Structures are given as C-alpha cells and as structure tokens.
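Following: one structure in structure tokens, then a few remarks.
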Amino acid sequence: MATPKPEILAAFEAAKGFMPVREGLALYDAAVAAGALGLPLLEVGTYCGRSTLLLADAARAAGTVAVTVDHHRGSEEQQPGWEYHDPSVVDPEVGLMDTLPTFRRTLHKAGLEDHVIAVVGRSPQVARAWGGEVGLVFIDGGHTDEHANGDYEGWAPHLAEGGLLVIHDVFPDPVDEFTGQAPYRVYLRALASGAFTEVSATDSLRVLRRTRAGV
C-alpha cells in the first residue's frame with residue numbers, strides 16, 4: 001500500500017476537515033494507483049483541502065495534477081444550525097460560508113499549490129464544461145440524493161477505463177440518512193451499472209475500478 005511522506009500526512013492531520021486517517025490513507029493509495037494513467041485526479045467537494053493534500057501529493061509524484069471542484073459555500077449539513085457548521089469559515093461581509101481562503105492557506109502551508117487546479121463552481125456545471133478524461137473521480141460533496149447523483153452522473157462519464165471511482169461517506173445503515181445514505185445509493189448504482197468492480201472498502205470509503213463504459 002502506498003503511503004504519503006510523514007510531512008504530507010502531518011499536513012493532512014492538521015488541516016480542517018472530516019476525513020479520518022485510515023480513510024485518507026486508502027484514498028492516497030487509490031490516487032497513487034490512478035496516477036499511473038497520467039490523467040488528472042478529480043475531487044468533488046474541496047471544503048478546506050484536507051483530502052486535496054493527498055491527491056495533490058499523489059499527482060505530483062505521477063507528474064499530473066489534482067483538480068478539485070467546490071462552490072465553497074458549504075454543503076447542507078455545514079450550514080448554521082447543523083452539526084457540522086463551523087462559524088470560523090463564515091464570511092462576515094456576506095454572511096455565508098466561504099471555505100476558499102482556508103483551502104488556499106492549507107495548500108500553501110503544504111507547498112502543494114502548483115499541483116492543484118481549484119475550480120470554484122457547482123459540480124454538475126463544471127462537469128458539463130469539462131472536456132477530457134480523468135484517472136480518478138473522488139465523490140465527497142453534498143449528501144442529498146440530488147447532489148450525490150449529480151456528482152456521479154456528471155463526472156463518472158469522464159472517468160477513463162481502468163480509472164478509479166472513489167466514494168466517501170458510504171453508510172449502509174438507514175440511521176445515517178442525512179450523512180451517508182445518498183453516497184451509499186450511488187455506490188450501489190455504480191456496481192449495478194456493470195461498469196465498475198469494487199477494489200477496496202475502508203470504513204466509509206469505497207474504491208471501484210471502471211472496467212467498461214457506462215454509468
């Protein structure tokens with residue numbers, strides 16, 4: 001299993017975000033494997049850049065780039081009154097979340113700015129404008145069915161054969177309706193399509209390989 005250098009892992013652990021270390025290590029291993037295709041590594045759901053650091057380091061090693069897509073206004077569960085709301089990333093001038101400045105600081109501190117293309121926008125809109133293939137699609141955006149399916153439908157068609165589809169927050173238990181059921185349903189949808197085979201499962205992180213065309 002590929003593992004990041006100690007300084008990258010330390011930067012990951014210090015960054016604001018929600019991904020546990022075990023899942024981060026699994027994501028890094030997948031990113032290194034996908035990097036062998038020489039194509040961009042695509043992330044949906046930047047937040048403050050915690051997982052982006054791992055993709056960027058893997059992209060650097062492969063001579064490619066990590067592309068991360070987010071509107072930076074926070075997903076549903078990060079809004080005021082919800083469990084994952086963080087008032088420190090609210091823009092006081094407009095009164096809305098803005099995680100972009102924190103994300104940029106995260107990349108700068110880790111020395112990885114040159115290996116990341118940050119796209120600020122809605123995932124389905126960006127996917128429609130995207131013209132090429134990618135070697136990895138990491139879905140870690142909104143947790144409603146609308147957003148999770150939109151991310152899958154938008155980006156899975158751009159995933160090259162042999163590339164990896166990585167889905168975070170896959171929770172089969174219905175008690176997790178607001179945190180992991182939509183990603184779980186997307187995971188089942190990908191398997192049912194016949195276009196993907198499962199490579200690994202690490203806690204709530206699933207890694208699937210594209211074996212033929214289809215969504």
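Just so it is clear, the structure is predicted and the values come from calculations on it, not from any experiment.
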Say you draw a straight line from [atom1] of [X] to [atom2] of [Y]; how long is it, rounded to the nearest 0.5 Å?
| X | Y | atom1 | atom2 | value |
| --- | --- | --- | --- | --- |
| His71 | Leu100 | NE2 | CG | 12.5 Å |
| Asp57 | Glu7 | CG | CD | 8.0 Å |
| Ser193 | Arg212 | OG | CZ | 6.5 Å |
| Leu53 | Phe103 | CG | CZ | 8.5 Å |

Can you check side chain to side chain contact (heavy atoms under 4.5 Å, CB included) on Val67 and Val119, steps first, answer last? CA-CA 7 Å; Val67 179; Val119 182; 4.0 Å; yes
Would [X] and [Y] show up in the same hydrophobic cluster when neighbours are defined by side-chain heavy atoms closer than 4.5 Å?
| X | Y | answer |
| --- | --- | --- |
| Leu112 | Ile117 | no |
| Val137 | Leu188 | yes |
| Val120 | Leu55 | yes |
| Leu208 | Val134 | yes |
| Ile139 | Val170 | yes |

Would you check if the side chain of [X] reaches a backbone N or O of [Y] as a donor-acceptor pair within less than 3.5 Å?
| X | Y | result |
| --- | --- | --- |
| His147 | Asp145 | no |
| Arg210 | Leu159 | yes |
| Ser204 | Phe171 | no |
| Arg185 | Asn149 | no |
| Thr202 | Leu205 | no |
| Arg50 | Met19 | yes |
| Glu43 | Ala66 | no |
| Arg206 | Asp203 | yes |

Can you tell if the side chain of [X] reaches within under 4.5 Å of the side chain of [Y], non-hydrogen atoms only?
| X | Y | answer |
| --- | --- | --- |
| Arg104 | Glu113 | yes |
| Phe12 | Ile8 | no |
| Leu164 | Val199 | yes |
| Arg105 | Thr102 | yes |
| Val116 | Thr52 | yes |
| Leu9 | Leu25 | yes |
| Pro183 | His168 | no |
| Trp130 | Val69 | no |

Between [X] and [Y], which heavy-atom pair has the shortest distance, and what is it?
| X | Y | answer |
| --- | --- | --- |
| Tyr28 | Pro4 | CE2-N, 3.3 Å |
| Pro157 | Val215 | CG-CG2, 3.7 Å |
| Ala190 | Leu165 | CB-CD2, 3.9 Å |
| Gly154 | Ala127 | O-CB, 3.4 Å |
| Trp155 | Val126 | CZ2-CG1, 3.7 Å |
| Leu41 | Ala58 | CD1-CB, 4.3 Å |

Tell me whether the guanidinium CZ or amine NZ of Arg209 lies under 6.0 angstrom from the six-membered ring centre of Phe196 and within 45° of its axis.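 The answer is no, since Arg209 fails at least one limit relative to Phe196.
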Do other residues, nucleotides or ligands put more than 12 heavy atoms under 6.0 Å from the CZ atom of Arg189?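 Yes, enclosed.
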Can the ring centres of Phe18 and Tyr47 be said to be less than 6.0 Å apart?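 Under 6.0 Å, so yes.
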